[in-house]
Asker: 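Structure below; questions to follow.
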Amino acid sequence: MRFDRFPVSTAVVRRLALASIVANVAIVGTGGAVRLTASGLGCPTWPRCTDESYTTTAEMGIHGVIEFGNRLLTFAVGLIALAALVAALLHPRRRRLLPLAVAVFLGIPAQAVIGGITVLTDLNPWVVGLHFLASTAVLVPAYALWRRSGEPDGPALPTVPAPLRTLTWLTVVVSAVVLVIGTWVTGSGPHAGDHGAARNGLDPETIAQVHADGVFLLIGLSVALWYAFRAVGATGAARAALLLLAVELGQGLIGFVQYFTHLPAILVGAHMVGSCLVWLATLAVLWATRERQPTAVPAPAAAGQSVAVG
């Protein structure tokens with residue numbers, strides 16, 4: 001099939017990629033609402049909602065509505081990813097964009113399956129944490145698709161010295177570790193998703209302190225990146241590092257307030273969404289350390305000059 005007969009513009013791909021980013025952050029928020037309202041087993045089985053029905057029933061009450069609504073949102077996220085996949089396939093640069101769009105699309109059912117396993121394991125806290133991390137993993141190709149679709153096709157050249165790229169990658173790793181430890185903190189706390197769900201057995205105060213130490217390290221690395229990028233004149237990278245620092249400080253403020261106010265559900269939900277924003281800001285810093293150049297276009301032959309063929 002000649003896909004170039006139905007070309008799709010770059011603007012369409014970028015809008016769909018951005019929509020996919022927003023949708024995946026949103027489903028983290030609604031997933032948090034499921035857990036924070038003790039609706040994690042509102043649909044007590046999977047892939048059906050009950051043994052007899054794929055949809056919620058009146059007897060299941062508000063918890064069933066909340067859990068089933070989150071499942072429906074997964075289909076919406078999947079449709080957006082499918083639209084982005086089709087748009088990438090019809091784009092003239094599909095060879096570069098298609099792998100990223102495929103990764104986003106395949107990540108949605110993988111995340112849904114992990115969500116199903118959380119139900120089948122009665123909200124095992126380790127699986128619940130993996131469910132959240134799967135959503136943040138999908139954000140990586142979604143963000144890359146959004147940025148890559150707006151770039152030229154030339155080689156990617158570094159905008160900062162090699163030591164600063166190493167420091168940037170270290171910041172990315174620490175950011176990912178902070179996300180993982182954050183799921184351990186949640187798994188040890190009171191918001192289990194259901195009144196009968198088990199906890200992971202970790203001491204809440206101890207693991208919360210470990211998480212806070214990781215956050216302090218991440219903030220320190222971000223400050224170092226900001227100063228270092230400014231020192232070498234990497235303006236774009238410095239702006240990205242400053243944005244990351246601002247998001248981290250906002251997220252840290254929410255974290256401290258929720259800890260000292262005994263984890264109110266609204267702040268825990270905001271902290272979950274904030275984790276996604278920190279991760280996206282981290283990816284933005286990584287992206288800012290390189291710049292893709294336009295592909296060189298061969299110069300036209302001078303008037304009267306023959307061009308060799310063969």
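Each residue takes its place number in the sequence, starting with 1. Just so you know, these numbers use all the heavy atoms, side chains as well, and skip hydrogens, waters and symmetry mates.
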Asker: Is there a path of hydrophobic side-chain contacts, each under 4.5 Å between heavy atoms, that joins V77 and L85?
Answerer: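 Cluster IDs for V77 and L85 differ.
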Asker: If we ignore hydrogens and angles and just use 3.5 Å, is the side chain of R95 paired with the main-chain N or O of P99 as donor and acceptor?
Answerer: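 No: the side chain of R95 does not pair with the backbone of P99.
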Asker: Please report the closest heavy-atom contact between S222 and A241, naming both atoms and the distance.
Answerer: O-CB, 4.3 Å
Asker: Measuring from M272:CE to L179:CG, what's the distance to the nearest 0.5 Å?
Answerer: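 Between M272 CE and L179 CG, I get 11.0 Å after rounding to 0.5 Å.
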Asker: If we only count heavy atoms from C-beta on, is the T159 to R165 side-chain gap below 4.5 Å?
Answerer: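 No, side chains not in contact.
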Asker: Apply side-chain contact (heavy atoms from CB on, under 4.5 Å) to residues I117 and V113 and explain how you reach the verdict.
Answerer: CA-CA 6 Å; I117 295 173; V113 169; 4.2 Å; yes
Asker: Just wondering, are more than 12 heavy atoms of other shown residues or ligands nearer than 6.0 Å to CH2 in W169?
Answerer: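 No, CH2 of W169 has 12 or fewer neighbouring heavy atoms, counting only those of other groups under 6.0 Å.
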Asker: Is the closest side-chain heavy-atom distance between R239 and L243 below 4.5 Å?
Answerer: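 No, their side chains stay 4.5 Å or more apart.
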Asker: Does P190 offer a backbone N or O that forms a donor-acceptor pair with the side chain of R199 under 3.5 Å?
Answerer: no
Asker: Taking a hydrophobic cluster as the set of Ile, Leu, Val, Met, Phe, Trp and Tyr residues connected by side-chain heavy atoms closer than 4.5 Å, whether directly or through intermediates, do W184 and V127 fall within one such cluster?
Answerer: no
Asker: Counting distance only, does the side-chain N/O of Q251 pair as donor-acceptor with the main-chain N or O of H271 below 3.5 Å?
Answerer: yes
Asker: Donor-acceptor pair, R292 side chain versus G154 backbone, under 3.5 Å?
Answerer: yes
Asker: Can you see which heavy atom on P44 is nearest to which on M60, and at what distance?
Answerer: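 Closest approach of P44 to M60, heavy atoms only: CD-CE, 3.6 Å.
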Asker: Would a 4.5 Å heavy-atom cut-off, applied to side chains only, mark Q111 and I108 as touching?
Answerer: no
Asker: One pair to check against side-chain contact (heavy atoms from CB on, under 4.5 Å): V128 and T186. What are the steps and the verdict?
Answerer: CA-CA 9 Å; V128 172; T186 302; over 6 Å; no
Asker: Quick check: is L82 connected to V104 through a chain of hydrophobic side chains (ILVMFWY, heavy atoms under 4.5 Å apart)?
Answerer: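 No, because V104 and L82 fall into different hydrophobic clusters, even though each may have its own neighbours under 4.5 Å.
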Asker: Kindly determine whether N24 and S135 satisfy side-chain hydrogen bond (donor to acceptor under 3.5 Å, both in side chains), including the steps that lead there.
Answerer: CA-CA 6 Å; N24 278 282; S135 293; 5.5 Å; no
Asker: Any idea which heavy atoms bring L89 and L98 closest together, and the distance?
Answerer: CD1-CD2, 3.8 Å
Asker: Answer yes or no: does atom CZ of R147 have more than 12 heavy-atom neighbours from other residues, nucleotides or ligands under 6.0 Å?
Answerer: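 Count over threshold, so yes.
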Asker: Evaluate the side-chain proximity of C49 to T55: yes if any heavy-atom separation is below 4.5 Å, no if none is.
Answerer: no
Asker: Restricting to non-hydrogen atoms, name the atom on F105 and the atom on A81 that form the minimum distance, rounded to 0.1 Å.
Answerer: CA-CB, 3.9 Å
Asker: Are L263 and V273 connected in a single hydrophobic cluster, I mean Ile/Leu/Val/Met/Phe/Trp/Tyr linked by side-chain heavy atoms less than 4.5 Å apart?
Answerer: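 Looking at the clustering, L263 is in a separate group from V273.
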Asker: Just wondering, do T289 and F229 contact through their side chains at under 4.5 Å, heavy atoms?
Answerer: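 A side-chain contact under 4.5 Å exists here.
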Asker: Which heavy-atom pair separates G269 from L36 by the least distance, and what is that distance?
Answerer: N-CD1, 3.5 Å
Asker: Between T10 and H91, is any side-chain donor less than 3.5 angstrom from a side-chain acceptor?
Answerer: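 Yes, H91 and T10 have a side-chain donor paired with an acceptor closer than 3.5 Å.
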Asker: Taking the side chain as C-beta and beyond, is there a heavy-atom pair between L221 and L217 under 4.5 Å?
Answerer: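 Yes, side chains in contact.
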Asker: Examine distances only and state if a side-chain atom of T118 and a backbone atom of G115 form a donor-acceptor pair shorter than 3.5 Å.
Answerer: yes
Asker: Grouping I, L, V, M, F, W and Y whenever their side-chain heavy atoms are under 4.5 Å apart, do F216 and I207 come out in a common cluster?
Answerer: no
Asker: I want to check something: taking the side chain as every heavy atom from C-beta on, are H211 and Y259 in contact at a cut-off of under 4.5 Å?
Answerer: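 They are not in side-chain contact.
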Asker: Mind running side-chain contact (heavy atoms from CB on, under 4.5 Å) on T171 and L244 for me, showing each step along the way?
Answerer: CA-CA 11 Å; T171 304; L244 172 60; 4.3 Å; yes
Asker: Please check if the number of heavy atoms outside R15 that lie under 6.0 Å from its CZ is greater than 12.
Answerer: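 Counting other residues, nucleotides and ligands, CZ of R15 stays at 12 neighbours or fewer.
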Asker: Any idea which heavy atoms bring L133 and T136 closest together, and the distance?
Answerer: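 It is O-OG1, 2.7 Å.
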Asker: Look up atom CD1 in I21 and atom CG in L16, then write down how far apart they are to the nearest 0.5 Å.
Answerer: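 Spacing of CD1 (I21) from CG (L16) equals 11.5 Å.
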Asker: Could you tell me the separation between the CG atom of L167 and the CG atom of L225, rounded to the nearest 0.5 Å?
Answerer: 4.0 Å
Asker: Is it true that the NZ or CZ of R48 lies under 6.0 Å from the centre of W46's six-membered ring and within 45 degrees of the ring axis?
Answerer: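 Ring-cation test returns no.
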Asker: A side-chain contact here means heavy atoms from C-beta on lying under 4.5 Å apart; do W279 and V140 qualify?
Answerer: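 The answer is yes, as the side chains (C-beta and beyond) meet within the 4.5 Å cut-off.
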Asker: What is the distance from atom CG of L286 to atom OG of S175, rounded to the nearest 0.5 Å?
Answerer: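 Here the interatomic distance stands at 11.0 Å.
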Asker: Find the distance between CG (L218) and CG (D213) and round it off to the nearest 0.5 Å.
Answerer: 12.5 Å
Asker: Is L157 atom CG crowded by more than 12 heavy atoms from other residues, nucleotides or ligands, each under 6.0 Å away?
Answerer: yes
Asker: Applying side-chain contact (heavy atoms from CB on, under 4.5 Å) to V13 and R93, what does each step give before you reach the verdict?
Answerer: CA-CA 11 Å; V13 177; R93 296 161 57 209; over 6 Å; no
Asker: Can you tell me how far the CZ atom of R35 sits from the CG atom of D194, to the nearest 0.5 Å?
Answerer: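 Spacing of CZ (R35) from CG (D194) equals 12.5 Å.
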Asker: Does E205, at its CD atom, have more than 12 non-hydrogen atoms belonging to other residues, nucleotides or ligands within less than 6.0 Å?
Answerer: no
